[in-house]
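Worksheet: one structure, shown below.
Keep in mind that what you see is a predicted model, and the values were worked out from it rather than measured.
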Amino acid sequence: MEKDVILSIGQYLKKNRENKGFSIEEVSEETKIKIRIIESIEQNRFDEFGGTGYAKALIESYAKFLEANDEKLQSLIDTRFPSKLTHNARFI
C-alpha cells in the first residue's frame, strides 16, 4: 500500500481541496481570498504576503473552509513558521 507523503502546507491544502472536489475559484468565492493568493499558498510562496502573521491568517482561513485544521497542518505551520521567541531573556 502506497502512502501519500505530504511535505508542505501547500501540498496539504491542495490535496484536501482536490479530495473535497473544490476548484480554486470555488474556494476563492466562499472564503473571499483572491485566486492568486490561494495559488501562492498551494505553491508555498508565503513571502508575497507581507508578513508571517498575515500568511498564517490566510492559511488558517483556507484550512477552516476545507475543515482541515488538524494536528498535521499545525505541525507543518510550526515547521514553516517557527516561533521567534528567544530563550536568552534575562529576568530580574
Side-chain angles (χ1 to χ4, degrees):
M1 176 187 276
E2 189 174 321
K3 196 173 187 181
D4 289 331
V5 177
I6 302 295
L7 302 175
S8 72
I9 296 166
Q11 287 176 326
Y12 184 77
L13 293 173
K14 182 178 181 178
K15 184 150 186 74
N16 251 281
R17 176 180 60 76
E18 290 173 343
N19 286 344
K20 293 181 179 185
F22 290 114
S23 69
I24 290 176
E25 293 78 12
E26 290 171 316
V27 174
S28 176
E29 179 70 26
E30 291 296 320
T31 63
K32 306 302 182 212
I33 299 172
K34 293 180 182 178
I35 290 172
R36 69 176 178 77
I37 298 292
I38 295 168
E39 291 171 339
S40 291
I41 290 170
E42 289 187 356
Q43 295 167 10
N44 296 300
R45 294 190 334 249
F46 305 115
D47 55 329
E48 300 175 9
F49 300 154
T52 300
Y54 188 55
K56 284 177 154 181
L58 288 167
I59 291 164
E60 289 169 3
S61 292
Y62 185 10
K64 182 177 180 181
F65 170 75
L66 295 174
E67 297 177 348
N69 286 333
D70 58 18
E71 289 180 26
K72 175 63 177 175
L73 178 62
Q74 192 57 54
S75 174
L76 292 169
I77 290 171
D78 291 345
T79 299
R80 176 62 176 83
F81 302 104
S83 174
K84 294 187 180 188
L85 295 176
T86 62
H87 298 286
N88 300 2
R90 294 179 63 189
F91 297 96
I92 299 175

field: Residue pairs, two or more places apart or on separate chains, that pass salt bridge (charged side-chain N to carboxylate O under 4.0 Å, His left out) and touch residues 16-26
entry: Arg17-Glu42
Qualifying side chain to side chain donor-acceptor pair (under 3.5 Å) pairs with a residue from residues 29-38, counting only residues at least two apart or across chains: none
task: Working to the nearest 0.5 Å, report the span between CD1 of Ile59 and CD1 of Ile9.
output: 4.0 Å
message: As an exercise, state the distance from CD1 of Ile38 to OG of Ser23, rounded to the nearest 0.5 Å.
response: 9.0 Å
field: Rounded distance (nearest 0.5 Å) linking atom CG of Asn69 with atom CG of Asn16
entry: 10.0 Å
- prompt: Quick one: side-chain hydrogen bond (donor to acceptor under 3.5 Å, both in side chains) partners of Asn44, sequence neighbours excluded?
  reply: Ser8
message: Please enumerate all residues that pass side-chain hydrogen bond (donor to acceptor under 3.5 Å, both in side chains) together with Ser40, with sequence neighbours excluded.
response: Arg45, Glu48
Which residues share a ring pair (Phe, Tyr, Trp, His ring centres under 6.0 Å) with Phe81, sequence neighbours left out: Phe46
query: Just by distance, do the side chain of Thr79 and the backbone of Ser75 share a donor-acceptor pair under 3.5 Å?
result: yes
field: Contacts of type side-chain hydrogen bond (donor to acceptor under 3.5 Å, both in side chains), residue Asn19, not counting sequence neighbours
entry: none
- request: Not counting sequence neighbours, list each pair that qualifies as a salt bridge (charged side-chain N to carboxylate O under 4.0 Å, His left out) and has a residue in residues 57-79.
  value: none
- line: Residue pairs meeting ring-ring contact (aromatic ring centres under 6.0 Å, His included), one or both in residues 54-79, sequence neighbours left out, come to Phe22-Phe65
task: For residues Ala68 and Leu73, report the shortest heavy-atom separation together with the two atoms involved.
output: O-CD2, 3.4 Å
